[in-house]
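Report on the following structure.
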Amino acid sequence: MHSNEKVSEIAKKIKLLIVDVDGVLTDGGIYFDDNGVEQKKFDSQDGLGIKLLQLSGIEVAVITARSTKSVAHRLKGLGVEHYYHGILDKSIALEKLIKKLSIDPSESAYVGDDVIDLPVMTRVALPIAVANAQESVKDHALMITEKSGGNGAVREVCNFLLKSQDKYDALVKSFLK
C-alpha cells in the first residue's frame, strides 16, 4: 500500500468505504456463458475484508455504472445494503448515500480504477486507486494499492482502514476463540 502519515490520519476518520465493481471488486474482465449471461470473478479475500469492515462498524457501499445479476448476488451474500447500479454519474449516488447515512464526504473513502470514478474520488477524503488503475485515476488518488483490482486490492484497503483505526487486531483475535 502506497501511503503516508497524512493518509493514515485521514483513514482514522473513515466511516464509509465506497467501491467500484469492474476493475476494483473484479479484474475488469467480462465473461459470458453460451447463453449470453454475464459472469464475473470476485476475490474471496476481498469479500471477507468487506465483512470485517462491517463488523467493525464501517459502512460499505458499491457504486457501479453497470447492472448485472452476478454483482447483485455477490453483494447480497456479503450483506452490502448500499448498492447503486446502472449509474453513469456516480456523484449522484454519492449524494444520495451520504445523505441517507448522515456521513460527510470527509469521512468517506472511494476505491476506483477508471475516469468514471473521478467525480466521486475528487469529493471524498480518501481517494484510492487500485494498482492497475488508469494513470489519470492514480494522479487523483492519495493512496494506490499494491494489488490489482479483483486480486485482493479491496482487502488491502480494508486491512489498512482497520489497522489505521486500531480495530484489526481485535477482529483477528475474535476468530481465535
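Excluded from the calculations below are hydrogen atoms, water molecules and symmetry mates; all remaining heavy atoms, backbone and side chain alike, are included.
At a threshold of 4.5 Å between non-hydrogen side-chain atoms, the residues Asp20 and Asp113 count as touching. Looking at Ile98 and Asp104, their side chains never come closer than 4.5 Å, going by heavy atoms from C-beta outward. Within the 4.5 Å cutoff, no side-chain heavy atoms of Val37 are placed close to those of Phe32. A 4.5 Å side-chain heavy-atom check between Ile30 and Arg66 finds at least one atom pair inside the cut-off.
Put simply, Leu75 and Leu17 are part of the same group of oily side chains (I, L, V, M, F, W, Y) that touch within less than 4.5 Å, one to the next. Note on Leu161: it does not cluster hydrophobically with Leu16, by side-chain heavy-atom contacts below 4.5 Å among ILVMFWY residues. In the hydrophobic clustering of ILVMFWY residues, with side-chain heavy atoms under 4.5 Å counting as a link, Ile63 and Val115 come out together. With hydrophobic clusters built from ILVMFWY side chains whose heavy atoms lie under 4.5 angstrom apart, Leu118 does not share a cluster with Val157. Residue Val60 is not grouped with residue Val120 when hydrophobic side chains (ILVMFWY) are merged at heavy-atom distances under 4.5 angstrom, including chains of intermediate members.
Counting all heavy atoms, side chain and backbone alike, Ser70 lies closest to Glu38 at OG-O, 4.0 Å. Lys147 and Thr145 make their closest contact through O-OG1, 2.6 Å (heavy atoms, listed as atom of the first residue, atom of the second, distance).
Judged by distance alone, the side chain of Lys41 and the main-chain N or O of Gly150 form a donor-acceptor pair under 3.5 Å.
Using a 3.5 Å distance cut-off with no hydrogens or angles, the side chains of Lys90 and Tyr110 do pair a donor with an acceptor.
Among the candidates Leu162, Ile14, Leu48, Leu171, the single residue satisfying the side chain to side chain contact (heavy atoms under 4.5 Å, CB included) test with Leu53 is Leu162.
Annotation: Lys138, atom NZ; neighbour count of heavy atoms from other residues, nucleotides and ligands within 6.0 Å is above 12.
Ring centroid separation for the pair His82 and Tyr84 does not come in under the 6.0 Å cut-off.
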